[in-house]
Protein chains: 2
Amino acid sequence: MFAIGEASRQSGVGIETIRYYEREGIVPKPERAPNNRRMYSAHDVGRLRFLKKCRDLGFPLADTKTLLSLSEGDGEDCRSVKELAELHIFNVREKINELKRLEAALNELTANCDSGNVSCPMLSKLRTD
Amino acid sequence: MFAIGEASRQSGVGIETIRYYEREGIVPKPERAPNNRRMYSAHDVGRLRFLKKCRDLGFPLADTKTLLSLSEGDGEDCRSVKELAELHIFNVREKINELKRLEAALNELTANCDSGNVSCPMLSKLRTD
DNA sequence: ATAACTTCTGTAGTCGCTACAGGATCAAGA
DNA sequence: TCTTGATCCTGTAGCGACTACAGAAGTTAT
């Protein structure tokens, strides 16, 4: 059994974040030592690692919670997992496209910024209707 | 002079957002009609449109505020504008790259999801150390 | 006169943490 | 044994940029 600091180190999830997950019901309340400190089993730490990986993949916390319960439930519902993941991939692709549009627009706006104009070409473009 | 609803319609900035900008000191406090309602001039509306464009380009609100004062100050500091914009473009590119990494990782994780496995391949990958 | 719309102020919620404050407890060295 | 420093506890507030109310007051249209 590990104290919260050790669980944090082993899982990569910050101490404050672990306590936050507990408050939000993402992870079950851990055992407490007689001195009231949280004690985590290897299984608990594994769960935190699982959460970390999901978050690093960009899944929203709510999805992460769902994935965790799918992972720990009996009979892994692979179809549900796939649906969740594909929706997420879709969202990621949309964000990429939006950012690419942004990048292009910004490039265009700043294109004439070096030509020693009197008034800033980017600002004047931002001011036009 | 326009009431806040009309200013919102003409600028594309939501009513609540306009009031928020005022609270935060992004825009100056507008005149008030005798009935205490905010009244916006065409110039005020133009400023809101400027803000909207900056936000649509993904500039943080703080940068947007800076751009606005650069735009309204005397002597447009084109160099400052350019620096701000290029830093922003850099950040956008970084985000794109991170999302692409995410997308690739997600694609790999879900690749084997259809082969009728007994246990979900994505979940088991998420569980391994 | 009545209904429906708009605006006002002030506050709280969103997401996922992160950073305190103020106190208790523990481990290790002198 | 004492002290120092690390770790832990609870509870609360802050981040960014809005968004969504509640409850009241004023305006416009029928």
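Values below: every heavy atom of this structure, side chains too, minus hydrogens, waters and symmetry copies. A note on names: the letters A, B, ... follow the listed sequences, proteins ahead of strands, and every chain is numbered from 1.
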For this session: For residues B:Ile4 and B:Arg37, determine if any side-chain heavy atom of one lies less than 4.5 Å from a side-chain heavy atom of the other.
Result: no
Exercise. Has the side chain of A:Arg93 got a donor or acceptor atom that lies under 3.5 Å from a matching backbone atom of A:Asn97?
Worked result: no
Exercise. For the pair made of CE in B:Met1 and C1' in C:dT6, what is the distance, rounded to whole Å?
Worked result: 18 Å
Exercise. Once you round it to whole Å, what is the distance between C1' of C:dG16 and CD of A:Glu22?
Worked result: 17 Å
Exercise. Which parts of nucleotides 1-17 of chain D does protein reach within less than 4.0 Å, heavy atoms only, written one letter per nucleotide 5' to 3' as B for base, S for sugar-phosphate only and - for none?
Worked result: ------BSSB------B
List the atom pairs, donor and acceptor, that lie under 3.5 Å between side-chain atoms in residues 6-22 of chain B and the rest of the protein, sequence neighbours left out.
unit_1  : atom_1 : unit_2  : atom_2 : d
B:Glu6  : OE1    : B:Arg9  : NH1    : 2.7
B:Glu6  : OE2    : B:Gln10 : NE2    : 3.0
B:Ser8  : OG     : B:Val13 : O      : 2.7
B:Ser11 : OG     : B:Ala7  : O      : 2.7
B:Ser11 : OG     : B:Ser8  : O      : 3.4
B:Ser11 : OG     : B:Val13 : N      : 3.1
B:Glu22 : OE1    : B:Arg38 : NE     : 2.7

Exercise. Between the side chains of B:Asp63 and B:Thr66, does any donor sit under 3.5 Å from an acceptor?
Worked result: no
For this session: Taking B:Asp44 for its side chain and B:Ser41 for its backbone only, find out whether a donor-acceptor pair lies under 3.5 Å.
Result: yes
